[in-house]
Amino acid sequence: QVQLVESGGGLVQPGGSMRLSCAASSANVMGWYRQAPGKERELVASISTGGTTRYADYVKGRFTISRGNARVYLQMNSLNPDDTAVYYCNAVYTGGRNVWGQGTQVTVSS
């Protein structure tokens, strides 16, 4: 019933910024994952209904996750080439049900 669709993504130069958004109904936890070619999907950031946030260590101080108006956002600053990946919106509902977006490509390159 719930559909997650990411918006944003594209090409950005190193040191630049980009904001991703995802429209979805509220869930226990909403977050962002990313997957680079040949690598496993990994958690970037998450936020609970209570506003508790978690970040991968490599994005702390650079990325900010937020939620509101039935959306979850990921503000990405100081991007570097290692951030290049497909970014996926994710929602976890009561009982552990996971819903995913289709993914959006973020490429950091000069």
Side-chain angles (χ1 to χ4, degrees):
Q1 183 174 346
V2 177
Q3 296 181 342
L4 305 182
V5 179
E6 300 94 344
S7 62
L11 177 64
V12 62
Q13 294 186 0
S17 298
M18 182 174 290
R19 192 183 197 189
L20 306 180
S21 65
C22 176
S25 59
S26 297
N28 288 0
V29 180
M30 293 190 288
W32 293 92
Y33 288 71
R34 70 186 188 187
Q35 185 170 22
K39 300 178 64 177
E40 296 184 348
R41 188 174 299 183
E42 60 185 6
L43 174 69
V44 176
S46 66
I47 184 168
S48 71
T49 55
T52 301
T53 57
R54 297 180 64 189
Y55 294 94
D57 187 66
Y58 52 82
V59 305
K60 289 181 179 178
R62 299 190 298 124
F63 291 10
T64 302
I65 189 170
S66 61
R67 63 189 293 173
N69 300 317
R71 296 182 178 89
V72 59
Y73 303 91
L74 184 68
Q75 177 66 48
M76 304 183 291
N77 299 326
S78 301
L79 287 162
N80 61 67
D82 290 335
D83 296 316
T84 296
V86 176
Y87 285 70
Y88 296 90
C89 181
N90 171 256
V92 181
Y93 294 88
T94 301
R97 183 169 69 95
N98 280 269
V99 181
W100 296 89
Q102 82 285 356
T104 184
Q105 177 71 47
V106 174
T107 301
V108 185
S109 176
S110 61

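With sequence neighbours left out, E42 forms a side chain to side chain donor-acceptor pair (under 3.5 Å) with R34, Y58. For S48, there are no side chain to side chain donor-acceptor pair (under 3.5 Å) partners two or more places apart in sequence or in a different chain. Remark: V86 pairs with Y88, Q105 by the side-chain contact (heavy atoms from CB on, under 4.5 Å) rule, at least two apart or across chains. Scored by the ring-ring contact (aromatic ring centres under 6.0 Å, His included) test, Y33 finds W100 as partners (sequence neighbours excluded). Checked against side-chain contact (heavy atoms from CB on, under 4.5 Å), T49 has the following partners two or more places apart in sequence or in another chain: R67. Looking at residues two or more places apart in sequence or on another chain, you find a side-chain contact (heavy atoms from CB on, under 4.5 Å) between V108 and V12, P14, L79, P81, D83, T84, V106. For S78, the side-chain contact (heavy atoms from CB on, under 4.5 Å) partners are R62, not counting sequence neighbours. The side chain to side chain donor-acceptor pair (under 3.5 Å) search around N28 returns T94, not counting sequence neighbours. Partners of D57 by side chain to side chain donor-acceptor pair (under 3.5 Å), not counting sequence neighbours: none found.
Taken together through direct or relayed side-chain contacts under 4.5 Å among Ile, Leu, Val, Met, Phe, Trp and Tyr, W32 and M18 form part of one hydrophobic cluster. No single ILVMFWY cluster, assembled from side-chain heavy atoms under 4.5 Å apart, contains both V72 and L4. A continuous path of ILVMFWY side-chain contacts below 4.5 Å connects I47 to V59, so both sit in one hydrophobic cluster.
Under the 4.5 Å side-chain criterion, counting only non-hydrogen atoms from C-beta, S17 is in contact with Q75. A 4.5 Å side-chain heavy-atom check between N90 and V99 finds every atom pair outside the cut-off. By the 4.5 Å heavy-atom criterion applied to side chains, T104 and L20 are counted as neighbours.
Atom CG of N69 sits in a sparse spot, with 12 or fewer heavy atoms from other residues, nucleotides or ligands closer than 6.0 Å.
For the pair N80 (side chain) and D82 (backbone), a donor-acceptor distance under 3.5 Å is present.
Under the 4.5 angstrom side-chain criterion for Ile, Leu, Val, Met, Phe, Trp and Tyr, L11 has no cluster partners at all.
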Chi angles and distances behind the side chain to side chain contact (heavy atoms under 4.5 Å, CB included) call for Y55, L43
CA-CA 8 Å; Y55 294 94; L43 174 69; over 6 Å; no
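The CD atom of Q35 sits 8.0 Å away from the CD atom of E40 when rounded to the nearest 0.5 Å. Taking CG from N77 and CZ from F63, the interatomic distance works out to 8.5 Å, rounded to the nearest 0.5 Å. Rounding to the nearest 0.5 Å places CD1 of I65 at 11.5 Å from CE of M76.
Within the structure, the ring pair (Phe, Tyr, Trp, His ring centres under 6.0 Å) test picks out no pair touching residues 64-87 (sequence neighbours left out). Applying the disulfide (SG to SG under 2.5 Å) definition to pairs two or more places apart or across chains, those involving residues 40-103 are C22-C89.
Considering all non-hydrogen atoms of both residues, A85 and A36 come closest at CB-N, 3.9 Å.
Side-chain contact check for Q102 and E6: at least one donor-acceptor pair (N or O, by modelled atom type) lies under 3.5 Å.
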